[in-house]
Protein chains: 2
Amino acid sequence: MRYKPGYKQEKRKELLQISGQLAKQQGFAATGVDGFMKAAGVTSGAFYSHFSSKHELLKALVEAELQQSLAMWQENPHDDPADWIEFELNRYLNLSHVQHADRGCVLPALASEVARSEDDVKQLYQQELLRGHALFTRHLGCEIKAWGVLCQLVGAITLARGMADESLQKQIIESSKTFLKANL
Amino acid sequence: MRYKPGYKQEKRKELLQISGQLAKQQGFAATGVDGFMKAAGVTSGAFYSHFSSKHELLKALVEAELQQSLAMWQENPHDDPADWIEFELNRYLNLSHVQHADRGCVLPALASEVARSEDDVKQLYQQELLRGHALFTRHLGCEIKAWGVLCQLVGAITLARGMADESLQKQIIESSKTFLKANL
DNA sequence: GTCTATACGCGGATAGAC
DNA sequence: GTCTATCCGCGTATAGAC
């Protein structure tokens, strides 16, 4: 056998990692299978030995990316609620996150594409988002506030990314941060 | 001459109206020129006598749609700040807006596509959004709050549209509304 | 101003060699 | 498991008739 056992699983993980970056940056629909695979250093033919269709890639991507976001939220070292949320706001609401979607959270990056996808993709997105909401609720002590913060985070990044001027991007995310800090 | 003077201008307006609905529903990139024109009852050939390219259509669309949103905000009949904002929250944050993107605000519908577009589209988007922000600032008496509300509105609709279950869509927008009302 | 026809490239997916 | 080659459909854009 020319390939070690376990190789396929590792390769799949690598493909998801690289495809995720590309999808968040350029958009999933806007990127061809060729583009995803070229970024990973293989050809489109190899793609279909890992995923049965492009749609399956989207599902795998949504799942992997959201679990990654969840993992980051869980790695927050603070216990005190005020410290915990301040840490998250600073990590999420900054210029680097606005300008480097490829390294950022999948929620704002692929939200509209998920919204326009089949139900199975939305089910996955919903399921993982609910885990995130539960996590925020634990730290904020309130379900309403948890949704409020999540919406605010996604909205701020989404709006800021549509701005042409960096100064305005900064104004939006800083205002959003100030607004949240004043209301938690 | 087989066509009345002024006809072209009217037709262009009609094309923008119908294309706007389709773009907000299916996505701008995901819809072909054929699709836009078929919805308007003409063929793709006719398209190019109104717009020089698909990219020009996007620019015209962003401008027309944002001005329409701005107009709706200006039609709010209330003077009292609390009444004014409550009216807007109820109009924006409801299930119908989540489920019928074609009749809804362009901000959440095309945000990601604008973010991934050329600079000229972003400039337009930015310019019109700033007018909206100025309007909200006048009624809320605070620039920070104005950005906070705008981000919250966009984020809530964006997230809710990715949910598979209607009950969860409702939970998100109602939570977002409650969160805002408690903090203004 | 709108139509039909068409050129041309890209994207998704499959077949078969290695 | 990955490669090259290829089929086929769709999308942007243009040319020329009416």
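Just so you know, these numbers come straight off a predicted model, no measurement behind them. Order of the sequence lines fixes the chain letters, A, B, ..., with proteins taken first and strands second; residue numbering starts at 1 for each chain.
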So, using salt bridge (charged side-chain N to carboxylate O under 4.0 Å, His left out) as the criterion, who are the partners of Lys177(A) when residues are at least two apart? Glu174(A)

What pairs of nitrogen or oxygen atoms, one from the protein and one from nucleotides 3-7 of chain D, lie under 3.5 Å apart?
residue: dC3(D); atom: OP2; partner: Thr43(A); partner atom: N; Å: 2.7
residue: dC3(D); atom: OP2; partner: Thr43(A); partner atom: OG1; Å: 2.8
residue: dC3(D); atom: O5'; partner: Thr43(A); partner atom: OG1; Å: 3.4

What residues, two or more places apart in sequence or in another chain, satisfy salt bridge (charged side-chain N to carboxylate O under 4.0 Å, His left out) together with Glu166(A)? none

Pick the closest DNA chain D nucleotide for His50(A) and for His55(B) by heavy atoms, then say which residue is nearer the 5' end. His50(A)

Asp120(B) meets the salt bridge (charged side-chain N to carboxylate O under 4.0 Å, His left out) criterion, sequence neighbours left out, with Lys59(B)

Among dA13(C), dG1(C), dT12(D), the nucleotide that comes nearest once only the side chain of Val33(B) is considered: dT12(D)

Kindly write out the residues that satisfy side chain to side chain donor-acceptor pair (under 3.5 Å) with Ser175(B), not counting sequence neighbours, or none if the list is empty. none

Integer-rounded Å distance: dA13(D) P and Tyr48(B) OH: 4 Å

How would you list, by chain and number, every residue that makes a salt bridge (charged side-chain N to carboxylate O under 4.0 Å, His left out) with Arg131(A), sequence neighbours excluded? Glu128(A)

If a pair satisfies side chain to side chain donor-acceptor pair (under 3.5 Å) and one of its residues is in residues 21-33 of chain B, list it, with sequence neighbours excluded. Lys24(B)-Glu65(B), Gln26(B)-Thr31(B)

Residue pairs meeting side chain to side chain donor-acceptor pair (under 3.5 Å), one or both in residues 37-50 of chain A, sequence neighbours left out, come to Asp34(A)-Ser44(A)

Quick check on contacts: within residues 24-31 of chain B, what sits under 4.0 Å from DNA chain C by heavy-atom distance? none

Select base, sugar-phosphate, or nothing to describe what Tyr7(A) touches, counting heavy atoms under 4.0 Å on all strands. sugar-phosphate

